[in-house]
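What you see is a predicted model, and the numbers here were worked out from it, not measured in a lab. In listed order, ligands and their atoms are each counted from 1.
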Amino acid sequence: MSRKQTTILDLQRMKREGEKITVLTAYDYPFARLMDAEGVDVILVGDSVGSVVAGYDTTLPVTMDEMVYHTRAVARGSEKALVVADMPFLSYQVDLAEARRNAGRLIKEGGAQAVKLEGGTNMAETIHALVDIDIPVVGHIGLTPQSIHRMGGYRVQGKQAEQAEKLLADARAVEQAGACAMVLEAIPASLAKEITAAVEIPTIGIGAGIDCDGQVLVIHDILGLCEKYSPKFVKRYADAATLIRGGIRDYIDEVKSGAFPGPEHSFK
Ligand code: KIV
């Protein structure tokens, strides 16, 4: 049976009905096609593209043009999953007009159905401005990688009572501003549970425990393609690096030995 295109209304329904929401990142057409066909609910074109594809140490250098390019490729590969595109650093923080224009590009040029941006109370006005022109927004609070320099590293957030209170207030502000869902990254599981119960919009956890309404992970992490560093919250479901290395080694060996190309790969 063919599945219809997932919408933000489906996400709200899934929360109400207790059906977990699955989210994975993708940055290109082939990965988007594969995960769409397997039935992932949401594909996030994360600005993590900067780390896992471009090899930067942080997500900060990622540009709007790069996000539009990757979003377009993912949107072409996705028939059913909801495509959410990340707004990169400095594409929404300067002023509301720029935020609207850049979010609009991800929808109009990229083909995304929603955008994601980082921040809580401080970004409520921006979220509202985008929702007001009919651009669905996914919030992102807790460990927000674009704030790496303020946080002093990739650290679990909300461990102290005061920080936890602030995150709860951020979650409420994101919901009140009109977000359709929010990512909770690297916060204690008990706090994520409290936030999930306190808001009506779905929470999507990454390093935020079992009680979130859904889970998101970076595709390169779950496939074992990021060998440099793996956070505690990542579960590796496949060892694609070993498979890829094997294929590359076999190709090199066969070219060197003259085993490839064979007659079946040559023209008469
Ligand atoms: O950029 C990204 O991939 C993300 C997820 C890790 C939530 O923001």
Trainee: Can you tell which of Val138, Asn102, Val84, Leu130 makes a side chain to side chain contact (heavy atoms under 4.5 Å, CB included) with Val115?
Mentor: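 The passing option is Leu130.
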Trainee: Please find the pair of heavy atoms, one from Leu117 and one from Met123, that lie closest to each other, and give the distance.
Mentor: CD1-CB, 3.9 Å
Trainee: Provide, line by line, the atom pairs where ligand 1 and the protein bring an N/O atom each to a distance under 3.5 Å; else say none.
Mentor:
from, atom 1, to, atom 2, distance (Å)
ligand 1, 1 (O), Asp47, N, 3.2
ligand 1, 1 (O), Asp47, OD1, 3.0
ligand 1, 1 (O), Ser48, N, 3.0
ligand 1, 1 (O), Ser48, OG, 3.3
ligand 1, 1 (O), Asp86, OD2, 3.0
ligand 1, 3 (O), Ser48, OG, 2.5
ligand 1, 8 (O), Lys116, NZ, 2.9

Trainee: Is it true that His220 and Phe31 have ring centroids separated by less than 6.0 Å?
Mentor: yes
Trainee: In terms of side-chain geometry, is the basic nitrogen of Lys166 or Asp170 positioned less than 4.0 Å from the acidic oxygen of its partner?
Mentor: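 Here Lys166 pairs with Asp170 in a salt bridge, since their nearest N and O are under 4.0 Å apart.
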Trainee: Would Lys20 and Asp41 pass as an ion pair if we require N to O under 4.0 Å?
Mentor: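 Looking at Lys20 and Asp41, the cut-off is not met.
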Trainee: Under a 4.5 Å cut-off applied to non-hydrogen side-chain atoms, are Lys4 and Lys80 in contact?
Mentor: no
